[in-house]
Enquirer: 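What follows is a structure written as structure tokens; I'll ask about it next.
For this chain, numbers begin at 1 and follow the sequence in order.
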Amino acid sequence: MPCARLFLATCGVLTCSGASFADDIDVGDFLSRCSALKPVLTGEKDTDLADQTNLPWCTSQLSDILEDYRIVVLQRNQVPKTVRICLPEGTTDAELLLIVLDELQTQDRSASLANIITSTLSAWWPCK
């Protein structure tokens with residue numbers, strides 16, 4: 001199943017500051033709902049009804065977190081030095097979600113979901 005593209009290519013630079021409503025989502029809850037999607041994202045399995053419900057939810061959490069940070073950058077009119085994310089053009093939901101799911105497995109589950117996601121993506125795709 002092709003994943004809809006995130007509208008992140010046009011977002012430019014994103015940062016890890018500010019609060020997101022997605023911060024309220026527990027890392028364990030995110031993993032329990034989204035980890036089962038890995039075989040779908042890699043093309044090993046066709047989607048079932050649960051996947052069709054969870055895929056938009058999981059990708060929307062990522063999009064919301066990144067959009068919240070993009071807005072903070074625009075409001076401050078500067079990019080903080082700590083975390084910078086420059087996603088390659090054409091990055092798909094599937095790529096982002098696979099990276100995030102792998103990283104969340106090794107992270108402290110008490111950390112903020114938004115902080116883990118932005119730290120992970122800034123390590124994968126830092127601005128140069």
Side-chain angles (χ1 to χ4, degrees):
M1 172 180 131
C3 296
R5 297 230 185 251
L6 289 174
F7 295 106
L8 298 176
T10 60
C11 290
V13 178
L14 304 168
T15 182
C16 181
S17 57
S20 167
F21 79 89
D23 279 334
D24 295 335
I25 298 167
D26 181 80
V27 172
D29 292 341
F30 183 86
L31 282 172
S32 69
R33 190 157 182 185
C34 302
S35 289
L37 292 170
K38 284 180 82 172
V40 173
L41 298 169
T42 58
E44 299 169 26
K45 173 187 162 210
D46 290 333
T47 59
D48 60 22
L49 187 55
D51 298 332
Q52 291 173 13
T53 302
N54 288 333
L55 184 59
W57 184 87
C58 296
T59 56
S60 131
Q61 298 309 308
L62 288 175
S63 293
D64 290 346
I65 288 169
L66 294 175
E67 181 62 17
D68 287 346
Y69 291 123
R70 185 187 69 80
I71 289 169
V72 169
V73 169
L74 292 174
Q75 289 172 343
R76 291 185 181 172
N77 200 26
Q78 71 180 36
V79 179
K81 296 176 183 174
T82 55
V83 176
R84 297 178 182 206
I85 304 168
C86 292
L87 297 175
E89 188 173 333
T91 303
T92 65
D93 288 349
E95 292 168 319
L96 290 174
L97 195 50
L98 283 168
I99 290 166
V100 167
L101 288 171
D102 285 342
E103 187 64 27
L104 286 175
Q105 297 294 334
T106 64
Q107 292 291 324
D108 174 13
R109 301 239 175 142
S110 66
S112 156
L113 178 65
N115 286 341
I116 294 172
I117 287 173
T118 54
S119 315
T120 298
L121 296 180
S122 71
W124 276 78
W125 294 297
C127 299
K128 296 181 178 164

Enquirer: Which value, rounded to the nearest 0.5 Å, describes the distance between Asp48 atom CG and Asn54 atom CG?
Expert: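 One finds 9.0 Å between CG of Asp48 and CG of Asn54.
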
Enquirer: Please identify which of these residues, Val100, Leu113, Leu104, Asp26, meets the side-chain contact (heavy atoms from CB on, under 4.5 Å) condition with Leu31.
Expert: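 Option passing the side-chain contact (heavy atoms from CB on, under 4.5 Å) with Leu31: Leu104.
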
Enquirer: Starting at CH2 of Trp124, measure out to CD of Glu95 and round the result to the nearest 0.5 Å.
Expert: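 Answer for the CH2-CD pair, Trp124 versus Glu95, is 9.5 Å.
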
Enquirer: Working to the nearest 0.5 Å, report the span between OG1 of Thr47 and CG of Leu55.
Expert: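 Rounded to the nearest 0.5 Å, the OG1-CG separation comes out at 8.5 Å.
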
Enquirer: Please find the pair of heavy atoms, one from Asp51 and one from Asp46, that lie closest to each other, and give the distance.
Expert: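 Residues Asp51 and Asp46, closest heavy atoms: OD2-O, 3.9 Å.
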
Enquirer: What closest approach, in Å, do Pro56 and Thr59 show between heavy atoms, and which atom pair accounts for it?
Expert: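 Minimum heavy-atom separation between Pro56 and Thr59: O-OG1, 3.3 Å.
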
Enquirer: Within this structure, what is the CG-CH2 distance for the pair Leu37 and Trp57, rounded to the nearest 0.5 Å?
Expert: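 Those atoms lie 10.0 Å apart.
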
Enquirer: Using the rule side-chain contact (heavy atoms from CB on, under 4.5 Å), only one of Thr120, Leu121, Asn115 pairs with Ile117; which is it?
Expert: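 Testing Ile117 for a side-chain contact (heavy atoms from CB on, under 4.5 Å) against Thr120, Leu121, Asn115 leaves exactly one candidate, Leu121.
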
Enquirer: Measure the spacing between CG of Asp68 and OG1 of Thr118 and express it to the nearest 0.5 Å.
Expert: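 It is 11.0 Å, given to the nearest 0.5 Å.
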
Enquirer: Are the side chains of Arg33 and Thr53 in touch, meaning some heavy atoms are under 4.5 Å apart?
Expert: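 Yes, their side chains come closer than 4.5 Å.
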
Enquirer: Just so I know, are the side chains of Glu103 and Ser119 near enough to count as touching, which here means a heavy-atom distance under 4.5 Å?
Expert: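 The answer is no; the side chains never approach within 4.5 Å.
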
Enquirer: So which heavy atom on Trp125 is nearest to which on Pro88, and how close?
Expert: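 Scanning both residues completely, I find the closest heavy atoms to be NE1-CG, 3.2 Å.
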
Enquirer: Kindly give the heavy-atom pair with the smallest separation between Cys58 and Leu97, and that separation in Å.
Expert: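 Distance-wise, the nearest heavy atoms are CB-CD2, 3.9 Å.
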
Enquirer: For a quick test of reading the model, state the closest non-hydrogen atom pair linking Ile116 to Val27 and the distance between them.
Expert: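 Smallest interatomic distance, heavy atoms only, reads CD1-CG2, 3.9 Å.
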
Enquirer: Work out which heavy atom in Thr42 is nearest to a heavy atom in Glu44; give both atom names and the distance.
Expert: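 Closest heavy-atom pair between Thr42 and Glu44: OG1-OE2, 3.0 Å.
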
